[in-house]
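First the proteins, then the strands, lettered A, B, ... as listed; each starts at 1.
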Amino acid sequence: DVEPPPKDEL
Amino acid sequence: MNIFRLAGDMTHLASVLVLLLKIHTIKSCSGVSLKTQELYALVFATRYLDIFVTYVSFYNTVMKLIFLGSSFSIVWYIRRHRVVRRSYDKDQDTFRHLFLLLPCLVLALVINEKFTFKEVMWTFSIYLEAVAILPQLVLLQRTRNIDNLTGQYVFLLGAYRALYILNWIYRYFTEEHYVHWITWIAGIIQTLLYADFFYYYFQSWKNSVKLELPA
């Protein structure tokens, strides 16, 4: 399972 | 951060400032949908629940605070300001919040990355943002009286969404594992909602006539 990308957007 | 993301954030910021400035200086909110503004306030409140817990960057925190502050100020102006509230087209702005809120909530409970309160709220905010512009678009079509600032507000919001898609494409090719399916699909749907508006906006711009949407 790939780690979900960080939520770094607005 | 890439140039598309920055340009997207700046158009988003510009859209909110245009609207606040319009309301603040001419003390009128005519043509502005309170329903859409309330939905945006809820979008930011549910998306930035962890604003003081998860730190991404100074830029992100400041922008989040601006979006929260501006969206709630706009709602306050339309509902509470002694002069502004009289210009609100209440009888035209009849879109029901619930028609958008309920499906988004159900969808967020079913389709999400992780079934936790924070994650479901975040997903809900993504779905809700995708459709929150609908009451505004309906109001524009209904009144057919679009002043320049309201037209620019909707145009800038649409531009922000389009730029975010370019940002995702860029990130997809430059970063590893950068796939946010939920955000992408909701974002594409959101951008498509502006297609019709964009068409008439550019037509009016090309022919330098006043923007008017067909009934």
Side-chain angles (χ1 to χ4, degrees), chain A, chain B residues 1-2 4-6 8-13 16 40 43-44 47-51 53-57 59-68 71 112-114 118-119 121-123 125-126 129 160-161 163-165 167-168 170-172 174-184 186-187:
Chain A
D1 228 27
V2 184
E3 178 108 346
K7 294 183 170 61
D8 56 1
E9 288 173 353
L10 300 161
Chain B
M1 182 158 55
N2 62 68
F4 304 112
R5 157 82 196 277
L6 183 65
D9 285 349
M10 290 306 117
T11 37
H12 193 187
L13 187 63
V16 177
Y40 278 138
V43 163
F44 294 131
R47 186 170 310 164
Y48 302 154
L49 277 178
D50 61 344
I51 180 168
V53 183
T54 315
Y55 181 79
V56 178
S57 65
Y59 171 86
N60 264 45
T61 306
V62 169
M63 291 293 273
K64 285 174 181 175
L65 287 171
I66 293 177
F67 288 137
L68 278 169
S71 59
N112 51 57
E113 282 177 6
K114 215 175 7 169
K118 203 187 101 184
E119 196 62 30
M121 284 295 106
W122 181 84
T123 315
S125 82
I126 296 288
E129 188 191 355
Y160 140 64
R161 293 316 310 180
L163 285 161
Y164 253 63
I165 290 182
N167 155 54
W168 296 331
Y170 182 87
R171 292 189 77 167
Y172 180 79
T174 54
E175 287 173 39
E176 236 180 312
H177 308 310
Y178 185 74
V179 181
H180 255 313
W181 286 117
I182 289 177
T183 326
W184 290 10

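- In this structure, A:Asp8 CG and B:Arg5 CZ are separated by 6.0 Å, a value rounded to the nearest 0.5 Å.
- When B:Asp9, B:Val56, B:Asn60, B:Asn167 are each tested for a side-chain contact (heavy atoms from CB on, under 4.5 Å) with A:Glu9, only one passes: B:Asn167.
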Margin query: A:Lys7 vs B:His180, test: side chain to side chain contact (heavy atoms under 4.5 Å, CB included). Steps then yes/no.
Written below: CA-CA 9 Å; A:Lys7 294 183 170 61; B:His180 255 313; 4.2 Å; yes
Just do the side chain to side chain contact (heavy atoms under 4.5 Å, CB included) check on B:Tyr164 and A:Leu10 with the steps written out, would you? CA-CA 10 Å; B:Tyr164 253 63; A:Leu10 300 161; 3.8 Å; yes
